[in-house]
Amino acid sequence: MGSSLNITLPFFAPEALNQVQHAVYRTALKLREVQKLCQLHLVDLSLIGDILKRRWPQLEANGMCSVQELADMLKLLFNAARREEPGQVESVGPQLTLNLLLNMFDRNRTGSIQFRSVAAALVTLSADKLSTKYRGENHLTSL
């Protein structure tokens, strides 16, 4: 049952990122490190869109999803990414992404998160070009 966890260390140490002179570049580098750590750089917007479309009708009327629903959705997402990128997606991706989303959107530990917030974060941290992400964000507002 002992699986070896093989995560590459971030290219930049956190202290080094704080030394970047301009805040815009510093923020971009930090976001890229979060994206890579959560392995969302291997997940494109089409995968995210497919999962979101399947899960949207199953939500509560208020647009909230439970932690368990979110965990299940992330497993589906990363399994699909694993099929597209064999050997590159680690099994730790869903767990790290879940922890990130919970820390960002469920600070009071209520056990539920606004689905639109989750969708926006996944789109923002996806592997696609910025213009594609903008289209994805605009599509979210129409759901």
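Heavy-atom basis, side chains included; hydrogens, waters and symmetry copies ignored.
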Spacing of R116 atom CZ and L52 atom CG [to the nearest 0.5 Å]: 11.0 Å

Which residues satisfy the side chain to side chain donor-acceptor pair (under 3.5 Å) test with D106, sequence neighbours excluded? T110

Validation row: L102, R109 side chains within 4.5 angstrom (heavy atoms): yes

Q88 CD to L42 CG distance, which is reported to the nearest 0.5 Å: 5.5 Å

Side chain to side chain contact (heavy atoms under 4.5 Å, CB included) evaluation trace for V118 with E69: CA-CA 12 Å; V118 169; E69 290 170 329; over 6 Å; no

May I ask you to test the L100-L125 pair for a side-chain heavy-atom distance under 4.5 Å? yes

To the nearest 0.5 Å, how far apart are CE in M64 and CG in L70? 11.0 Å

Using the rule side chain to side chain contact (heavy atoms under 4.5 Å, CB included), only one of L37, L74, L40 pairs with L96; which is it? L37

Output the distance between atom CG (D72) and atom CG (L77), rounded to the nearest 0.5 Å. 12.5 Å

Do L45 and R135 come within less than 4.5 Å of each other through their side chains, counting heavy atoms only? no

Are L122 and Y134 grouped together when hydrophobic residues (ILVMFWY) are joined by side-chain heavy atoms under 4.5 angstrom apart? no

Only counting residues at least two apart or in another chain, list the ones meeting side chain to side chain contact (heavy atoms under 4.5 Å, CB included) with F105. L101, I113, S117, A121

Mind checking the CG-NZ spacing from D44 to K133? Nearest 0.5 Å is all I need. 11.0 Å

Between V43 and S126, is there a side-chain heavy-atom distance shorter than 4.5 Å? no

R32 side chain reached by H41 side chain, heavy atoms, under 4.5 Å: yes

For the residue pair P94 and Q39, establish whether any side-chain heavy-atom pair is separated by less than 4.5 Å. no

For residues R83 and F78, determine if any side-chain heavy atom of one lies less than 4.5 Å from a side-chain heavy atom of the other. no

Closest heavy-atom pair and its distance - R82, N79: NH1-OD1, 2.6 Å

Taking side chain to side chain contact (heavy atoms under 4.5 Å, CB included) as the test, write out the residues that go with T124, two or more places apart. E137

So CD of Q35 and CD of E33: to nearest 0.5 Å the spacing works out to 9.5 Å

